[in-house]
Amino acid sequence: MKNIDTMHEYNISNSLSKDLNEAQIDAVKQIDGPLLVLAGAGTGKTKVLTYRIANILMSGVFPSQILAVTFTNKAAKEMSNRVVSLVGERSEGLWLGTFHSIGSRILRRHAEAVGLKSNFTIIDTSDQLRLIKQIFSDHKIDEKRWDPKKQLHIINTWKDRGLTPDKVTANDIIDFAGGKSLEIYEDYQSRLRTLNAADFGDLLLHNITIFNDNPEILADYQRKFQYILVDEYQDTNVGQYLWLRLLAQKNKNICCVGDDDQSIYGWRGAEVGNILRFERDFPGANVVRLERNYRSTSHILSAASNLISKNSDRLGKTLWTEDNEGDPIKLLLTWDDKEEAKQIAEEIEALQQIKRHSLNNMAILVRASFQTRAFEECFMNRGIPYKVIGGLRFYERMEIKDIISYIRVTAQPDDSLALERIINTPKRGIGPTTLQSIYETSRLYGISMFESIKLMLSEDSFKPKIAKTLSDLIKDFVRWGELVKDMTVAEFTETIAKESGYISMWKQDSSLEAQGRLDNIKELFHALEEFETIEEFLEHVSLISDIDNLNQDNMVSIMTLHAAKGLEFDTVFLPGWEEGTFPHQRSIDESAKTGLEEERRLAYVGITRARKNLYILSAANRRIYGQYQSSIPSRFIEELPQENIEKINLNNGFNFPAPSSNFEDGANYSPKPSPYAPTKKTTSFSKSGKTSPEGFSVGTKVSHTKFGNGIVLNFSGDQLEIAFEGMGIKKVIDRYVKAV
DNA sequence: TATTGTGTTATTTTT
DNA sequence: TAACACAATA
């Protein structure tokens with residue numbers, strides 16, 4: 001142990017001067033006092049952060065005294081890996097995570113201080129919306145006249161700005177829902193408390209409330225976190241800023257890394273102002289600029305710099321590189337979105353076959369997610385493997401959410417939102433009328449739906465058939481609750497999914513997507529094997545956005561520009577550079593100059609993702625809402641320096657679709673090879689036959705991760721009855737045991 | 001209560 | 001286009 005440490009120590013001090021440039025060393029070395037690192041794209045931001053953490057650790061600070069926050073799980077994971085590779089085990093105990101995960105961790109410790117229990121549920125957007133709709137109906141507010149989504153947006157905005165209902169002033173109130181928007185916010189918060197739930201915004205907002213109301217708790221954390229590091233500081237909103245300021249107030253050892261030119265979350269409440277006024281907030285702050293770019297060729301870098309220089313609201317940096325000039329940016333004007341996809345597909349094929357480029361190093365970055373569709377269709381036909389990142393997220397799929405809801409209710413019967421979701425899935429004959437009566441009872445007595453049902457059953461207020469159904473369901477949940485003790489999370493979930501009839505519901509479904517849904521469910525069971533407890537899993541599920549694509553398969557990545565932040569690729573395609581699409585119309589309509597500048601930053605982010613090859617495309621016609629609309633090339637194209645771009649004329653050598661195809665669907669200019677499904681999440685599982693699928697029979701000696709060794713006594717289907725040494729007889733699904 | 005049909009409406013970006 | 005809400009029917 002000691003030896004390892006000394007070895008790392010040696011490595012660190014050695015690497016500092018070897019691996020880092022001067023500015024980077026500056027940023028890593030001065031660990032005390034406030035520091036702002038302005039890190040341009042590709043200037044080694046993550047490197048600085050990780051070396052800095054290593055350096056702080058080497059100065060004798062305990063890992064648990066360091067707080068490092070990021071925005072995405074991806075970034076947190078990346079940082080954690082890199083710190084481990086620098087200092088090994090010495091980083092254990094570091095508080096490194098997203099704002100939300102850290103906020104949640106702190107909130108669980110002090111939940112009572114804001115009227116929650118520490119096992120509160122974290123609800124997502126759809127739950128939020130459902131809640132708002134309920135409150136609207138209580139207040140007799142017409143959903144047609146007032147869009148519940150708008151109300152949700154208002155509440156989220158208040159939360160982003162660190163405003164609890166009591167802090168909302170007349171100035172902050174937007175006239176909505178007949179002047180009731182604040183009242184609804186109050187109701188919403190109190191409903192959340194009854195449900196023992198918190199939304200994303202609450203994770204930090206409650207922290208702030210706790211810190212403000214309980215100076216001794218705040219003091220504890222201030223003492224604890226000697227050093228604070230913040231990634232992507234340009235994207236912090238007011239709430240996050242307040243949270244950081246509270247924590248950093250005492251020691252003032254806060255290091256924020258960011259790039260005002262990459263601030264692209266203004267719509268989510270991010271305040272570039274936070275970065276612009278850092279020096280004022282933390283007097284005596286040092287500022288280090290990282291301006292040497294290690295990523296892109298000079299053609300790419302120059303184009304990006306010139307484009308972003310059109311923005312007025314910026315601190316200003318001059319990025320430079322010693323990299324060679326490289327190829328100019330290729331600009332392609334196409335007839336329509338289909339042609340655009342086809343051009344990219346052909347270029348990808350050429351790069352792959354002629355230049356032997358790997359698909360992993362290519363990405364298509366779009367402005368809005370609907371644009372991914374044209375590429376999916378085209379690539380599917382041609383057999384180009386691709387993955388859409390962040391498209392429909394795994395945990396947001398209906399079947400996954402349904403099963404998670406079953407788990408939620410089992411773990412926490414009072415989770416009414418989850419119960420409401422699955423009370424009639426599969427169909428049990430519980431319709432809106434019954435639901436309404438339950439809901440009324442729970443409002444009347446201020447109890448959960450689960451409790452209401454129990455109460456109403458005892459009072460005999462249901463029709464016999466419904467009473468039977470509900471009482472069975474309640475009994476099921478109670479019984480499943482008992483199972484937790486004896487089973488792994490995966491087994492437990494699988495049992496519930498089967499016994500509730502949820503699996504058979506999809507098995508009986510003859511529709512096309514049913515099999516895919518079953519596959520997803522299988523994948524969920526698989527993913528669950530990593531977790532020790534239900535609570536652990538539920539926490540993970542609420543905070544992670546996508547199932548981790550650990551697969552290093554050779555695929556082209558397709559994602560939004562927002563999702564691409566922090567990533568880099570050899571080859572990047574930027575399609576859809578048309579007025580209205582990019583810059584997006586709404587962005588300009590809603591926030592004029594600010595909006596346009598944010599769009600330009602988005603373009604800057606896109607361009608700077610590319611290491612070597614960059615393609616920008618613009619289509620003259622695009623299908624929007626199923627109708628073709630013509631548009632003109634994006635103004636951003638004109639803002640690129642001529643000397644960095646090469647215009648490619650498609651009319652030579654390519655078949656150019658005739659305008660007549662405009663309103664028809666039929667016209668298809670590319671040959672159609674046999675359909676090929678490259679990327680759908682289809683982990684194939686053997687379909688369970690009549691015998692134990694894994695081939696176990698009575699007498700087989702097996703081992704199980706939780707119960708140890710045992711012997712098979714009996715089985716039916718894939719359910720094994722096993723006598724475990726010292727554990728007694730358990731029912732286990734055969735996939736979870738191994739023959740020994 | 002479940003199913004089917006019709007009309008409306010939205011597509012920015014996400015932890 | 002496609003998802004969704006709502007009304008009309010079985």
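All values below come from the heavy atoms of this structure, side chains included, with hydrogens, waters and symmetry mates left out. Residue numbers start from 1 in every chain, and the chains themselves are labelled A, B, ... in the order their sequence lines are given, proteins ahead of strands. Because the structure is a prediction, the values reported are computed rather than measured.
Of the listed residues (Thr236(A), Asn207(A), Leu203(A)), just one forms a side chain to side chain contact (heavy atoms under 4.5 Å, CB included) with Trp243(A), and that residue is Asn207(A). Checked options Ile254(A), Val272(A), Leu244(A); the residue passing with Tyr233(A) is Leu244(A) (criterion: side chain to side chain contact (heavy atoms under 4.5 Å, CB included)).
Summarising the geometry, the separation between CG on Leu129(A) and C1' on dC4(C) is reported as 12 Å, rounded to the nearest angstrom. Residue Lys565(A) contributes atom NZ, which lies 11 Å from atom C1' of dT15(B) at whole-angstrom precision. Separating the CD1 atom of Ile122(A) from the P atom of dT14(B) is a distance of 20 Å, rounded to the nearest angstrom. Put simply, CG on Asp142(A) is 15 Å from P on dA5(C), counting in whole angstrom units. For the pair Lys159(A) NZ and dT15(B) C1', the computed distance is 14 Å after rounding to whole Å. One atom, CG of Asp160(A), and another, C1' of dT15(B), lie 10 Å apart when rounded to the nearest Å. If you measure from atom CE of Met398(A) to atom C1' of dA3(C), you get 12 Å, rounded to the nearest angstrom.
When distances are taken from the side chain of His100(A) to each of dT1(B), dT1(C), dT15(B), the shortest belongs to dT15(B). Nearest nucleotide to the side chain of Arg268(A), out of dC6(C), dT14(B), dT13(B): dT14(B). Distance from the side chain of Thr560(A) is smallest for dT14(B) among the nucleotides dT11(B), dT14(B), dA5(C). For Ile466(A), the side-chain atoms get nearest to dT1(B) when compared with the rest of dA10(B), dT14(B), dT1(B). For Ala368(A), whose side chain is taken as the heavy atoms from C-beta onward, the closest listed nucleotide among dT13(B), dT14(B), dT11(B) is dT13(B). Closest contact between the side chain of Trp267(A) and the listed nucleotides dT13(B), dA2(B), dA2(C) involves dT13(B). If you check dT15(B), dT11(B), dA2(B) against the side chain of Lys427(A), the one that comes closest is dA2(B). Distance from the side chain of Arg623(A) is smallest to dT1(C) among dT11(B), dC6(C), dT1(C). Of the listed nucleotides (dA2(B), dT15(B), dT14(B)), dT14(B) has the atom at the smallest distance from the side chain of Ala563(A).
Phosphate proximity of dT13(B) to Ser587(A): absent, as no side-chain N or O sits under 4.0 Å from OP1 or OP2. Between dT14(B) and Thr72(A), no contact under 4.0 Å exists linking OP1 or OP2 to a side-chain N or O. OP1 or OP2 of dA2(C) lies within a sub-4.0 Å distance of a side-chain N or O belonging to Arg373(A). At dT15(B), none of the side-chain N or O atoms of Asn237(A) fall inside 4.0 Å of OP1 or OP2 (strictly under the cut-off). Contact annotation: Ser369(A) does not reach the phosphate of dT11(B) (side-chain N/O to OP1 or OP2, under 4.0 Å). Distances shown here put every side-chain N or O of Lys144(A) at or beyond 4.0 Å from the OP1 or OP2 atom of dG7(B).
The C1' atoms of dC4(C) and dT13(B) are separated by 23 Å, rounded to the nearest whole Å.
Contact of the Arg609(A) side chain with the Leu574(A) side chain is not registered, since no non-hydrogen atoms from C-beta on lie closer than 4.5 Å.
The aromatic ring of Phe99(A) does not sit over the base of dT15(B); the criterion of centres under 5.5 Å apart with planes under 30° is not met.
Between Asp260(A) and Arg314(A), none of the side-chain N atoms (NZ, or NE/NH1/NH2) sits under 4.0 Å from a carboxylate O, so this pair counts as no salt bridge.
The pairing partner recorded for dT11(B) is none, the criterion being a Watson-Crick or G-U wobble arrangement whose two distances lie under 3.5 angstrom.
Within the 6.0 Å centre-distance limit, the rings of Tyr185(A) and Trp158(A) are counted as a close aromatic pair.
Remark: the Tyr188(A) side chain and the Gln128(A) side chain contain an N/O donor-acceptor pair separated by less than 3.5 Å.
Each of Gly626(A) and Asn424(A) was matched to the nucleotide of DNA chain B holding its nearest heavy atom; the match closer to the 5' end belongs to Asn424(A).
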